[in-house]
Amino acid sequence: MDTITTERLHLRPFTPDDASALFRLFSLPEVARWSGTGTPMQDVTEAYARIERAGQRAGEHPAAALFATERRDTGAFIGMTLLVPIPSSGGADRDEHEIGWHLHPDAWGHGYATEAATALVERAFAAGMPQVYAVTDVDNVRSQAVCRRLGMTDLGLRSDWYDKELRAFSLDHP
Ligand SMILES: CC(C)(COP(=O)(O)OP(=O)(O)OC[C@H]1O[C@@H](n2cnc3c(N)ncnc32)[C@H](O)[C@@H]1OP(=O)(O)O)[C@@H](O)C(=O)NCCC(=O)NCCS
């Protein structure tokens, strides 16, 4: 898997060395609450396991990946951004991809999520994906604001993915 460089960020594959930083990120309730079960990580072994499963989560598409996301100026790890298959509700077999972002609160409010996601959208379309989706918890207004900054279309509340009702957004290949 290759890396992505943007104006201020570097997106690269995870390695086991990222486990402590990933643990610090997902042990924060304000980050964990919007992902998976919503429970903060309790132990760094959970972060190692997540890194180990990254390839599996990214699936088959060559452009899909989970990215350790760093500031170029300081090298600081600021979070995880991703372009991955989006699990259909009911286990339906659909070939759709989502973009996502989970940043440390220290890195909120600088446009980093939007900058990384813009690069992921370009990557998806360059690789021939017809559209990308993003799904957000109904009250995750910060994440919904990222979708709007990206120019995504608000699809409203949808239950097509993750077996739950989420506010979904899409962006078609131009
Ligand atoms: C969702 C999340 C990534 C959004 O982060 P964010 O920093 O608000 O989003 P952006 O990167 O788009 O930054 C936009 C903010 O930076 C400001 N900003 C500053 N410099 C900027 C620049 N150069 N370019 C763009 N925006 C800039 C914007 O004005 C905006 O500020 P505001 O929130 O006060 O309106 C972050 O809140 C997060 O990680 N939350 C926890 C995990 C989560 O919810 N993940 C999503 C699951 S669906």
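The basis for the numbers below is simple: all heavy atoms, side chains too, and nothing from hydrogens, waters or symmetry mates. Remember, predicted model here, so these are calculated numbers, not experimental data.
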Trainee: What pair of heavy atoms forms the shortest contact from Asp139 to Trp34, and how long is it?
Mentor: OD1-CZ3, 3.4 Å
Trainee: In a check of side chain to side chain contact (heavy atoms under 4.5 Å, CB included) between Ile99 and each of Thr118, Leu120, Thr81, which one passes?
Mentor: Leu120
Trainee: Angle between ring planes, His61 versus His97, binned at 30° and 60°: parallel, tilted or perpendicular?
Mentor: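 Geometry flag for His97 against His61: perpendicular rings.
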Trainee: With side chain to side chain donor-acceptor pair (under 3.5 Å) as the test, pick out the partner of Arg12 among Asp2, Asp18, Thr69.
Mentor: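 So, applying the side chain to side chain donor-acceptor pair (under 3.5 Å) to Arg12 and each of Asp2, Asp18, Thr69, only Asp18 qualifies.
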Trainee: Could you give me the CA-CA distance, side-chain angles and deciding distance for Arg50 and Phe14, then say whether side-chain contact (heavy atoms from CB on, under 4.5 Å) is met?
Mentor: CA-CA 10 Å; Arg50 190 137 183 196; Phe14 276 95; over 6 Å; no
Trainee: Does the side chain of Ser170 come under 3.5 Å of the side chain of Gln131 through a donor N or O and an acceptor N or O?
Mentor: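 No, no side-chain donor-acceptor contact under 3.5 Å.
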Trainee: Between CZ of Phe67 and CG of Leu83, what distance do you get to the nearest 0.5 Å?
Mentor: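 So the gap between those two atoms works out to 7.0 Å.
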Trainee: State plainly whether the residues Arg57 and Glu98 are in salt-bridge range, i.e. N to O under 4.0 Å.
Mentor: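 A salt bridge links Arg57 with Glu98.
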Trainee: About how many Å separate CG of Asp106 and OH of Tyr112, when rounded to the nearest 0.5 Å?
Mentor: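 Tyr112 OH to Asp106 CG: 11.0 Å, rounded to 0.5 Å.
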Trainee: Which pairs, with at least one residue in residues 19-30 and sequence neighbours excluded, count as a salt bridge (Lys or Arg N to Asp or Glu O under 4.0 Å)?
Mentor: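 Salt bridge (Lys or Arg N to Asp or Glu O under 4.0 Å) check on residues 19-30 returns no pairs.
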Trainee: Does the distance from a Lys or Arg side-chain N to an Asp or Glu carboxylate O, for Asp154 and Arg167, drop under 4.0 Å?
Mentor: yes
Trainee: For residues Ser159 and Ser89, report the shortest heavy-atom separation together with the two atoms involved.
Mentor: O-OG, 2.7 Å
Trainee: We want to know whether Glu96 and Trp161 form a side-chain donor-acceptor pair, criterion being a heavy-atom distance below 3.5 angstrom.
Mentor: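 Judged by distance alone, the side chains do pair up.
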